[in-house]
Amino acid sequence: MSKEPLTQRQNQAYDFIEQYLDRHRKPPTLQEIGDALDIASTNGVYKLLQKLEEKGWIEREKHKARSIQLAGREQDPLGQGGGPPTLPIVSRTPSDHPERLRERPAGTLSVDHQLLRNARTPDNCLLGRAGDDGMIETGIQKGDLLLIEEREWDDLDNRTLVAVLLQDQLLAREFEFANRKIHLRPTAPHYAEETFSPTESDYYVVGRVLGLIRTL
């Protein structure tokens, strides 16, 4: 079946469905599509999907929830969705408002599933740029794109490499909790260790660093 061109709105819906499938490994619901595209009624979403189906871009099974599939796209036999997970690249975020990390990403990037093999779920992963050279001796340079699995600080082992917001900078540091204090240690000798009480807002531990991506 040939595919007809999409309108801008239809293309937005298709892109969201594609990214949702890649990230969650299952199709979105009508409500999730409506929330993402600011469509108030599920009936409006239904009509939008009907157009995508008529134009040959998606396929659906009647009377079945989460039945949307991208037309002509082979399904992954391992159940990992139709492609690599797409992660947000977080923008500058203040440490006292960590809930904004995912609100307005600077962009997105699709990554290989193998990079996330040690993560509990791709849904908890994101990307952010290292803001200094404090971990240069472990191979992390300022500007490197850090692959981060979001975790609470009390869910981390000591000596874990973490990503942390210090005020509004995203930095990589070695984590340790000792004497009721959180210690964030750099490896570069000219950078100082930072020590905080768990209740302070001048810092926020985003999670552990799984890897990095660097462009030359």
Side-chain angles (χ1 to χ4, degrees), residues 19 22-24 80-81 83-216:
Q19 291 175 14
D22 289 342
R23 182 179 296 178
H24 298 280
Q80 294 182 322
T86 300
L87 305 182
I89 303 172
V90 299
S91 54
R92 204 171 181 92
T93 305
S95 60
D96 56 346
H97 288 286
E99 73 281 358
R100 298 179 185 172
L101 270 169
R102 292 176 178 265
E103 280 186 1
R104 294 183 178 179
T108 59
L109 185 67
S110 296
V111 302
D112 192 284
H113 289 288
Q114 288 300 310
L115 294 176
L116 306 178
R117 64 187 181 278
N118 293 322
R120 292 172 180 171
T121 169
D123 293 350
N124 293 341
C125 295
L126 48 78
L127 297 161
R129 294 200 180 277
D132 71 8
D133 288 323
M135 297 300 286
I136 191 72
E137 307 230 347
T138 59
I140 298 176
Q141 300 176 13
K142 182 177 181 179
D144 284 347
L145 205 52
L146 305 177
L147 177 57
I148 306 161
E149 179 189 22
E150 289 185 279
R151 286 203 188 180
E152 300 291 336
W153 69 265
D154 55 0
D155 189 28
L156 296 167
D157 296 327
N158 283 347
R159 307 203 69 180
T160 297
L161 182 60
V162 300
V164 58
L165 294 172
L166 287 178
Q167 295 184 354
D168 62 353
Q169 270 197 310
L170 180 70
L171 308 176
R173 291 293 187 265
E174 183 182 275
F175 168 89
E176 183 170 347
F177 181 67
N179 301 319
R180 299 183 180 179
K181 296 284 187 179
I182 288 175
H183 303 266
L184 301 169
R185 298 192 174 106
T187 57
H190 54 291
Y191 283 82
E193 176 182 322
E194 303 273 2
T195 304
F196 298 95
S197 164
T199 58
E200 290 183 54
S201 61
D202 285 342
Y203 85 101
Y204 176 78
V205 176
V206 181
R208 66 182 184 127
V209 176
L210 301 176
L212 63 84
I213 300 169
R214 177 180 300 156
T215 55
L216 299 177

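Positions are given from 1, in the same order as the sequence printed here. Remember, predicted model here, so these are calculated numbers, not experimental data.
Distance CZ/Arg173 to CD1/Ile182: 14.5 Å, rounded to 0.5 Å. Distance check, rounded to the nearest 0.5 Å: CG of Leu156 to CZ of Arg151 gives 6.5 Å. Residue Leu126 holds its CG atom at 4.5 Å from CZ of Arg102, rounded to the nearest 0.5 Å. Taken to the nearest 0.5 Å, the OG1 atom of Thr215 stands 8.5 Å off from the CG atom of Leu145. How far CG of Asp144 is from CG of Leu212: 5.0 Å, rounded to the nearest 0.5 Å. Put simply, CG on Leu184 and CD on Glu193 are 8.0 Å apart, with the number rounded to the nearest 0.5 Å.
Listed here is the closest heavy atom pair of Ala163 and Ile148: CB-CD1, 3.5 Å. The minimum heavy-atom distance between Ser110 and Thr86, with the atom names listed, is OG-OG1, 3.0 Å. Closest of all the heavy-atom pairs between Thr160 and Asp157 is OG1-O, 2.6 Å. Between Ala188 and Ile136, the closest heavy-atom pair is CB-CG2, 3.8 Å. Smallest separation of non-hydrogen atoms from Ala172 and Ile140: CB-CD1, 3.9 Å.
The only member of Leu127, Thr108, Ile213 that meets side-chain contact (heavy atoms from CB on, under 4.5 Å) when paired with Ile89 is Leu127.
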Step-by-step side-chain contact (heavy atoms from CB on, under 4.5 Å) determination, Phe196 to Val205: CA-CA 11 Å; Phe196 298 95; Val205 176; over 6 Å; no
Please report the C-alpha distance between Phe175 and Asn158 in whole Å, then the side-chain angles of each, then the deciding distance to 0.1 Å, and finally whether the side-chain contact (heavy atoms from CB on, under 4.5 Å) criterion is met. CA-CA 6 Å; Phe175 168 89; Asn158 283 347; 3.9 Å; yes
Walk me through whether Glu194 and His183 qualify under side-chain contact (heavy atoms from CB on, under 4.5 Å). CA-CA 6 Å; Glu194 303 273 2; His183 303 266; over 6 Å; no
Do Lys181 and Ser197 pass the side-chain contact (heavy atoms from CB on, under 4.5 Å) test, and can you show the C-alpha distance, the side-chain angles, and the key distance before you say yes or no? CA-CA 5 Å; Lys181 296 284 187 179; Ser197 164; 4.1 Å; yes
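Taking the charged nitrogens against the carboxylate oxygens, Lys142 and Asp133 have no contact shorter than 4.0 Å, which rules out a salt bridge.
Looking at Val206 and Val90, their side chains never come closer than 4.5 Å, going by heavy atoms from C-beta outward. Using a 4.5 Å heavy-atom cutoff, the side chains of Met135 and Gln141 are not in contact. Within the 4.5 Å cutoff, side-chain heavy atoms of Leu147 are placed close to those of Leu116. The side-chain heavy atoms of Arg100 and Pro94, taken from C-beta on, include a pair separated by under 4.5 Å.
For the ring-ring contact (aromatic ring centres under 6.0 Å, His included) test, no residue two or more places apart in sequence or in another chain qualifies with Tyr204.
Shown here is Glu99, whose CD atom has more than 12 heavy atoms of other residues, nucleotides or ligands within 6.0 Å. Within a 6.0 Å radius of CZ in Arg104, no more than 12 heavy atoms belonging to other residues, nucleotides or ligands are found. Crowding of Asn118 atom CG: a count of heavy atoms from other residues, nucleotides or ligands under 6.0 Å exceeding 12.
Taking the six-membered ring for Trp and thresholds of 30 and 60 degrees, Trp153 and Phe177 have ring planes inclined between 30 and 60 degrees apart.
Looking at Ser95, its side chain does come within 3.5 Å of a backbone N or O of Ser201 through a donor-acceptor pair.
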